[in-house]
Protein chains: 2
Amino acid sequence: MFSKACQYAIRATLFIAQRSLEGERVRLKTIAKAIDSPEAFTAKILQQLARNKIIHSIKGPSGGFEIADHDLDTIRLIKIVEAMDGDQVFDGCGLGLKQCNAAKPCPVHNKFKIIREELKNMLVTTNIRELATDLSVGSTVLRM
Amino acid sequence: MFSKACQYAIRATLFIAQRSLEGERVRLKTIAKAIDSPEAFTAKILQQLARNKIIHSIKGPSGGFEIADHDLDTIRLIKIVEAMDGDQVFDGCGLGLKQCNAAKPCPVHNKFKIIREELKNMLVTTNIRELATDLSVGSTVLRM
DNA sequence: ACTAAAAAGGATAAAAAGGTCTTAATATCA
DNA sequence: TGATATTAAGACCTTTTTATCCTTTTTAGT
């Protein structure tokens, strides 16, 4: 469904969010260990998230990554997915047909449409605070 | 959502099905042109579909590909998707977590679950005759 | 100012996906 | 039976994705 980079990005964002709720800033190494991802690759992903204003990065000793409290409410899952994978997940034809649209639908157009719309809706309505809070309450882990 | 190979596979299968409805057998070249896919790559995909008993291949002059009439009803979209992409599309965690399940769900588990189930349900209930018939009735094309 | 700790960025490598080409196998038909 | 048309199969190439490594930049603390 999503690229590996996108999956790491969501896991990393949730972990940072959870720590940000507690007022803590986290370093790359900590994040990579926590979400069980390759450290160097994760660094690239965090850069991309920072460029897209999804997380905030601080250089230097005692630096790291954090998410401002008010961003926890405004940042939705879709923002992460779009930053990493673009929008071809929910837009575009399920069969890869460029000319497929409501006026000239491919045979599975309408069947896919419903699912894509639900997926998009879910991503648009889910914010980071909600997920991070769930994460803190439950015993769930972001590792593999 | 699906790999390119899977998209080509669905398009090819639908095209073959449509022709099979008319009692016609189609050659690789015809298929590749009809669905606008690279010929050599399509050949490989057709082999895979044949090995998975989704289509039937006939060698030699006047050979080609076809789908037996009764198969048009029994073959569902999911069979194609599973043959090409495996089952990680609807099974497996949206965040790539191996340990994620209902007992120990990741934060987005339940949100994804609904969508995955609907996707799977759609693929399980959609058969090839239905789609091929739609294709014949409408003016829609399988090309890009 | 100096040092150490952190992220940023560039170059490169490995793996997977996407795609091509050549040869073999098989079937038809003169 | 032999020539030919067609798919099958596997080797090979290309591009994209995933991943690593090394150097540079920034910054806090001393």
Side-chain angles (χ1 to χ4, degrees), chain A residues 1-13 15-16 19 24-67 81 83-86 88-89 95-96 144, chain B residues 1-13 15-16 19-20 24-33 35-67 81 83-86 88-89 95-96 144:
Chain A
M1 183 104 62
F2 302 131
S3 70
K4 225 128 183 258
C6 185
Q7 295 179 3
Y8 290 146
I10 296 174
R11 279 150 65 189
T13 303
F15 178 71
I16 298 166
R19 292 307 184 85
E24 279 177 35
R25 182 181 293 171
V26 275
R27 308 186 294 123
L28 166 63
K29 190 163 263 175
T30 310
I31 297 167
K33 265 187 194 140
I35 68 171
D36 193 29
S37 62
E39 196 176 310
F41 190 45
T42 305
K44 298 290 180 200
I45 290 163
L46 293 173
Q47 280 173 42
Q48 210 170 330
L49 289 172
R51 273 188 237 114
N52 282 276
K53 318 259 181 195
I54 290 162
I55 61 178
H56 183 218
S57 82
I58 302 99
K59 281 187 178 178
S62 84
F65 298 89
E66 59 186 27
I67 301 178
V81 173
M84 304 304 299
D85 286 354
Q88 86 292 352
V89 192
L95 300 188
M144 322 221 305
Chain B
M1 182 105 59
F2 302 131
S3 71
K4 224 106 185 269
C6 185
Q7 296 179 2
Y8 290 145
I10 296 174
R11 278 151 65 188
T13 304
F15 179 70
I16 298 167
R19 292 305 185 85
S20 292
E24 279 176 35
R25 182 180 292 170
V26 276
R27 308 186 297 121
L28 166 64
K29 191 163 264 175
T30 312
I31 297 168
K33 264 186 195 141
I35 69 170
D36 193 30
S37 61
E39 198 177 308
F41 191 43
T42 305
K44 264 189 141 159
I45 289 163
L46 293 173
Q47 282 171 41
Q48 211 171 330
L49 290 172
R51 275 195 291 266
N52 282 276
K53 318 260 183 195
I54 290 163
I55 62 178
H56 183 216
S57 79
I58 302 100
K59 282 184 179 179
S62 83
F65 299 88
E66 60 186 26
I67 302 177
V81 174
M84 305 304 299
D85 285 356
Q88 85 292 352
V89 192
L95 299 189
M144 320 221 307

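Sequence lines set the chain letters: A, B, ... in the order given, protein chains first and strands last, and positions in each chain run from 1. All heavy atoms count here, side chains included; hydrogens, waters and symmetry mates do not.
Distance B:I54 CD1 to D:dT7 C1': 17 Å, rounded to the nearest Å. D:dT18 atom P lies 13 Å from atom CZ of A:F2, rounded to whole Å. Between A:H56 atom NE2 and C:dA7 atom P there is a gap of 13 Å when expressed in whole angstrom units. D:dT7 atom P lies 15 Å from atom CD1 of B:I45, rounded to whole Å. Rounded to an integer number of Å, the gap from A:M84 CE to D:dT16 P is 17 Å. To the nearest angstrom, C1' of D:dT6 lies 11 Å from NZ of B:K29. One can place CD1 of B:I55 at 14 Å from C1' of D:dT6, the figure rounded to the nearest angstrom. The separation between A:I16 atom CD1 and C:dA6 atom P is 15 Å, rounded to whole Å.
Taking 4.0 angstrom as the limit, B:Y8 places a side-chain polar atom (N or O) nearer than this to OP1 or OP2 of C:dG19. Side-chain nitrogen and oxygen atoms of A:Q47 include at least one within less than 4.0 Å of the OP1 or OP2 phosphate oxygen of C:dG9.
Formation of a donor-acceptor pair under 3.5 Å by the B:R19 side chain with backbone atoms of B:E66 is not found in this model. Remark: side-chain polar atoms of A:Q48 are paired, donor with acceptor, to backbone N or O of A:A83 under 3.5 angstrom. Listed for the A:D85 side chain is no donor-acceptor partner under 3.5 Å among the backbone atoms of A:F2.
Among the protein residues, A:I58 comes within range of the sugar-phosphate backbone only, with heavy atoms under 4.0 Å from sugar or phosphate atoms but none that close to a base.
Of the two residues contacting DNA chain C, namely A:R51 and A:S62, the nearest-nucleotide position lying further toward the 5' end is that of A:S62. Both A:A40 and B:G64 lie close to DNA chain D; mapped to their nearest nucleotides by heavy-atom distance, the more 5′-ward contact belongs to B:G64. With DNA chain D read from its 5' end, the first of the two nearest nucleotides for A:K59 and A:T42 is the one closest to A:T42.
The two residues A:L46 and A:I55 come nearest to each other via the heavy atoms O-CD1, 3.5 Å.
Which of D:dT20, D:dT18, C:dA7 sits closest to the side chain of A:P38 comes down to D:dT20. Taking every side-chain heavy atom of B:L28 into account, D:dT7 is the closest of C:dA7, C:dG18, D:dT7. Which of C:dA7, D:dT7, D:dA19 sits closest to the side chain of B:F65 comes down to D:dT7. Nearest to the side chain of A:S57, among D:dA8, C:dA7, C:dG18, sits C:dA7.
Screening B:I58, B:I31, B:T13, B:L49 against B:F65 for a side-chain contact (heavy atoms from CB on, under 4.5 Å) leaves a single residue, B:I31.
Counting atom types as modelled, A:K44 pairs a side-chain N or O with a base atom of C:dG10 as donor and acceptor under 3.5 Å.
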